[in-house]
Amino acid sequence: MDCRKPFDLHLLLLLLLFAYSSNAIFKFTSCNGQQVTVGGCLRQERTALLAFKQGLVDPSARLSSWGGNNCCSWRGIECDNKTGNVMRLDLRNSFPINLEPYSMTTEQLDAYKLSCLGGQLNSSLLQLDHLTHLDLSLNDFEGLQIPEFLGEFKHLRYLNLSYASFAGLVPPHLGNLSTLHYLDIYADSGMEIENPSWLSGLSSLKHLNLGFVTIHSSDAKWLHAVNMIPSLLELYCHGCELQDMAVTLPFVNFSSLSVLDLSQNLFNSSFPEWLSTLTSLTRLDLSTNSFSGSIAVDFGKFESLEDLHLSLNNFSGPVPVTLGNLCYLRKLGLASGRFSGDISGLLNSFTGCQTVSLEMLNLNSNDLVGELPDSIGLFKNLKHLDLAYNSLWGSIPASIGNLSALEVLYLHSNKMNGSIPESFGRLSELRDLNLIANSWQGVITEAHLMKLTRLESLMLSSSSLVFKVDPQWIPPFRLDYLQLEDCTVGPPFSTWLQVQNRLTQVKLQNVGISDTIPKEWFSELSAEILVMDLSENQIRGELPEELVSPKLEMLDLSSNRFEGFLPRWSTNATQFYIHENSLSGPIPRDIGTLMPRLRNLHLSDNTLNGTIPLSICKMADLQVLSLRNNYLSGELPDCWRDLSTSSLWVVDVSNNSLSGEIPSSMGLLRSLGMLLLSENNLVGEIPSSLQNCSALTSIDLGENQLSGEIPSWLAENLSATFVLRLRSNQFHGQIPEALCNLPLLHFLDLSHNNLSGGIPKCLDNLTAIVYGNSSELYYQETKVVTKGRAYDYNRNLALLNVIDFSENNLSGPIPEEMTKLLSLRVLNLSSNHISGAIPEKIGDLKVLETLDLSHNQLSGEIPATLSSLTFLTHLIVSYNNFSGKIPAGRQLQTFDASSYQGNPFLCGFPSRVKCPTESITTTAPPTTGTEPEDEEDEIFELGTGLYVSIVLGFGFGFLGLCVTLLRKEFRKKDIEW
């Protein structure tokens, strides 16, 4: 056929009309001999595409259009209008996905997976000789390795394989794509580059994204390779596990770079000097590395720089003031470094700009000091300002009101000790405000809040900050998050709080509210609320009888004055704190069904009655159960078998009216760390099944009617025990020597029982009391009772080492081995039948604070070494058979005669019995050669009825440690013993 011979026009029109009307396909032979479909699709390319389709998995039928004769009309295909060659193959998943999978719901993830293409990539694609654009991004090829044949496309200019779950080694064959302008292989699955040298073959490349592809490189091979690409404009190598950085380069070939992202790597060098030659940069991101040293770069050269991110490094020294020359800079991130100096130096450096373009400034977590300058008002385009976790002080300047675009302001965790200006109320775009953990002064009025119409999150705290808002004022905002702590908001629960009915998280802790809260407020919030904390106020009134809060995670209404019944609260919450109120009535029988996901249940210090419901054992995730200080009765539930696989750590039902025996099923709680059953009416022996609870650190069974001998397995099987308190029961027999094998024991109280025999000589094996060492910190309330008065102390239990064997029938001498307990602070052996002398080495107990040996049969002289115990504040040796002179010494002279009474053969001060060659005196002899005039007034009179006992409790302070061990926080409260 002569291509130059024209067709008969009429014949051609008839043929085309026939083809259109009958759906017939006509092929013509072109001058080069190719067969071309009338629709413009080459036959061999159509065949290649169909073969490619055959290898794919397409669960949502995205390629359902791939079936007609004209492949140029298929989805994702674009052809050259003249030649019919396929030029673009765009199979990018168009599903509206957030690229952070953890932020998607399960339903969204399932829908996304269904929309993905997968399967294999057929090499038939190589038949597409003129392909310039290939996009397979946002699909799921489930760990398929990128095929080598992709490196054989001669005309390819665009290749995007990002977020497509490719894995394995990236083939170096891609380095043959010398015409490629755009390469994106961002890895959402494990991909690696064994040797990055092949990157230098991409000589036409402008855009390169290797995000989260692990690059194995040494001697900065990766850098030298990309430096050989002069056309490169954008380079993204974030999260590539790179650690070899060249601080200098012999030449910079990619000087046209406008974007350089090397974030989230392992670089630990100083600031690379060659960066100063990249003056065309618009975005530089070196964040999340370990770069160190000061930054000695003249940023004034980077006139086009818009985004600069250097956060999460070890840069030190002042923030470069040359940054102030970057008038077009929009984002500046310098958080979590070691930048120091006065904040005003940086902010004032921008005063030379006619317009400051900065929209985001993040200086969080540095060592910046000083006051915010008035120049802050120049940043009128600022949307995000984060200066938290520094050491800034002073007030917020009134010029803050000029930041009309400000949406986010974080100033928390500084040393701000001034006021908040009323101009704050002009920040009409403000959405998120966090000013907690400062020492603000002054008042907050309606003027501060009047125009904050977009405010969604408000966080404020300071003991000197007072809200003076009209109780009937209705604010223009409806908050999603409200956190006010340790400031004065009450007494009334004002209208501006009551109208906040869109809250998902609310924390009004210790804000002085002593009003009632309408039940309707709880009901309005119940459906959407996630966190509610109204603790440490004086809120009165009753709670709604029933509430349904499916999204609730944590509720804390503790330390208030709520009355009435405990509500039937149907929720998926994991933490429920309602202790220290005046709630009454029974615990709902179906509480385990209402709150099936509960981990921490704190109902202590109320007036609850009735029995402990069996449904508690349906809380499979329960970790802390605290019901102490109520009026609960009946027996302990015997359902603990249902929690045998749980992480239940604390069971505290102290100070109730429970009766019966300790259920043997409690021994199935393998995670049990604290068993606190004191001050009840429990009977029987300690069940032997408890020896299976090898995690027990605190056992408090005091003030019950338990009987039998103290089992030796308490030490043999429970070697982690920190506290053992069995006082005020009916135990008999001897003190088991096995108790000496508790290396972590700090508190041992066996007082007020019927124990007999001698004191074990092996107590010096209690290494925690010998050395004071402890691998754990227990903060508890310690109560010292003196003449009926209780003195409470918050102490580190690791420092309060106590042995109390008082009120038993023990006999024999005080073992000298006890004087090796060098960290002992309290020793009470009173009211026994102990005989012999006080060991001479008693003076070795240098930190001893309380020593009570009264009401025994001890004899001999009181050792003079007692005078060296400078921490001794309570000494009672009364009603024994001591003789001789009471030792002198300034510490011993602080005790009055009652400490020594009942020893008729003692003489000397402070007794009225004179020793031979001495005159009777009622005052202490002078210790410095002259007698103080008011020496008598310095002597603390304890009287004859002195009774000293150390009572230790584990409560919600101690439970705070448990939650740390469980990686969950619960409120610290005391438990008295």
Side-chain angles (χ1 to χ4, degrees), residues 508-510 513-517 519 522 532-547 549 552 554-571 573 575-592 594-595 598-616 619 622-637 650-659 674 676-681 700 703 781 792 953-960 970-977:
L508 299 172
Q509 184 185 66
N510 189 29
I513 297 176
S514 57
D515 198 0
T516 59
I517 295 181
K519 293 182 179 181
F522 289 101
M532 178 181 288
D533 184 350
L534 308 180
S535 61
E536 299 181 41
N537 289 286
Q538 295 293 316
I539 302 173
R540 307 186 306 273
E542 297 185 359
L543 294 166
E545 294 180 6
E546 293 193 16
L547 285 169
S549 302
L552 185 65
M554 193 277 282
L555 175 74
D556 191 347
L557 304 180
S558 63
S559 303
N560 279 289
R561 296 167 61 187
F562 286 110
E563 301 173 341
F565 289 165
L566 185 67
R568 298 184 72 256
W569 211 315
S570 178
T571 173
Q575 301 180 67
F576 195 84
Y577 306 102
I578 201 165
H579 50 280
E580 294 186 12
N581 279 284
S582 300
L583 298 173
S584 57
I587 300 172
R589 289 190 173 277
D590 56 349
I591 190 171
L594 294 170
M595 304 179 182
L598 213 56
R599 295 180 181 176
N600 296 332
L601 176 60
H602 295 254
L603 302 178
S604 63
D605 298 280
N606 281 283
T607 58
L608 300 173
N609 55 35
T611 60
I612 300 175
L614 289 171
S615 67
I616 279 180
M619 299 175 181
L622 193 63
Q623 296 175 357
V624 176
L625 174 63
S626 179
L627 306 177
R628 66 171 294 112
N629 291 342
N630 279 289
Y631 297 102
L632 300 172
S633 58
E635 298 186 355
L636 281 166
V650 176
V651 174
D652 184 359
V653 295
S654 303
N655 195 18
N656 280 283
S657 299
L658 300 173
S659 58
M674 297 178 62
L676 311 177
L677 308 179
S678 63
E679 297 182 80
N680 281 287
N681 299 310
D700 183 3
E703 286 92 16
E781 179 179 273
D792 295 335
F954 283 82
F956 298 107
F958 190 10
L959 301 186
F970 62 90
R971 178 159 305 284
K972 182 198 302 184
K973 291 294 175 187
D974 64 299
I975 294 178
E976 296 178 3
W977 293 45

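Every value quoted in this text rests on a predicted model; they were computed, and no experiment measured them.
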For the residue pair Val653 and Ile612, establish whether any side-chain heavy-atom pair is separated by less than 4.5 Å.
yes
In chain order, what residues pass the side chain to side chain donor-acceptor pair (under 3.5 Å) check against Arg561, with sequence neighbours excluded?
none
More than 12 heavy atoms of other residues, nucleotides or ligands under 6.0 Å from CD of Gln538: yes or no?
yes
Here the gap from Leu508 atom CG to Ile517 atom CD1, rounded to the nearest 0.5 Å, amounts to 7.5 Å
Heavy atoms of Leu598 and Gln575 approach each other most closely as CD1-N, 3.9 Å
According to side-chain contact (heavy atoms from CB on, under 4.5 Å), who are the partners of Asn606, at least two apart in sequence or on a separate chain?
Asn581, Leu583, Leu608, Asn630
Could you give me the CA-CA distance, side-chain angles and deciding distance for Leu557 and Phe562, then say whether side chain to side chain contact (heavy atoms under 4.5 Å, CB included) is met?
CA-CA 8 Å; Leu557 304 180; Phe562 286 110; 3.9 Å; yes
Can you name the closest pair of heavy atoms from Asn560 and Ser535 and give their distance?
ND2-CA, 3.8 Å
Backbone N/O of Gly592 and side chain of Ser615: donor-acceptor pair under 3.5 Å
yes
Within the distance-only criterion (no hydrogens, no angle test), does the side chain of Ser654 pair as donor or acceptor with the backbone N or O of Leu676 below 3.5 angstrom?
yes
Euclidean distance, Leu594 CG relative to Met619 CE, rounded to 0.5 Å
8.0 Å
CG of Leu603 to OG of Ser626, rounded to nearest 0.5 Å, is 8.0 Å
Contact summary for Pro588 and Pro613, nearest pair of heavy atoms
O-CG, 3.7 Å
Can you list the residues that meet the side chain to side chain donor-acceptor pair (under 3.5 Å) rule with Glu635, with sequence neighbours excluded?
none
Find the distance between CG (Leu534) and OG (Ser559) and round it off to the nearest 0.5 Å.
12.0 Å
Using side-chain contact (heavy atoms from CB on, under 4.5 Å) as the criterion, list what pairs up with Thr571, not counting sequence neighbours.
Ser549, Leu552, Trp569, Ala573, Met595
Residues passing the salt bridge (Lys or Arg N to Asp or Glu O under 4.0 Å) test with Glu563, sequence neighbours excluded, are none
Non-neighbouring partners of Pro586 that pass side-chain contact (heavy atoms from CB on, under 4.5 Å), sequence neighbours left out
Asn609
I'd like to check Leu627 versus Ile587 (side-chain heavy atoms, cut-off strictly below 4.5 Å). Are they in contact?
yes
Is any side-chain heavy atom of Asn629 less than 4.5 Å from a side-chain heavy atom of His579?
no
Set of side chain to side chain donor-acceptor pair (under 3.5 Å) partners for Asn681, sequence neighbours left out
none
Is there a side-chain hydrogen bond (donor to acceptor under 3.5 Å, both in side chains) between Ser584 and Thr607 once you walk through the steps?
CA-CA 5 Å; Ser584 57; Thr607 58; 4.7 Å; no
Sequence neighbours excluded, which residues qualify as side-chain contact (heavy atoms from CB on, under 4.5 Å) partners of Asp515?
Pro492, Phe493, Ile513, Arg540
Less than 4.5 Å apart, any side-chain heavy atom of Gln623 and any of Asn600?
yes
Pair Met674, Asp652 - check side chain to side chain contact (heavy atoms under 4.5 Å, CB included), show working.
CA-CA 8 Å; Met674 297 178 62; Asp652 184 359; over 6 Å; no
Does the side chain of Met554 reach to within under 4.5 Å of the side chain of Tyr577, using non-hydrogen atoms?
yes
Which heavy atom of Leu566 sits nearest to which heavy atom of Phe576, and what is that distance?
CD1-CE2, 4.4 Å
What are the two closest heavy atoms between Leu601 and Ile591, and how far apart are they?
CD2-CD1, 4.2 Å
Taking only residues two or more places apart in sequence or in another chain, which ones pass salt bridge (Lys or Arg N to Asp or Glu O under 4.0 Å) with Arg589?
none
Measuring from atom CG of Leu677 to atom CG of Asp700, what distance do you get when rounded to the nearest 0.5 angstrom?
8.0 Å
Measure the CD-CD distance between Glu536 and Glu580 for me, rounded to the nearest 0.5 Å.
8.5 Å
Nearest atoms (heavy-atom pairs only) where Asn655 meets Asn680
N-ND2, 3.9 Å
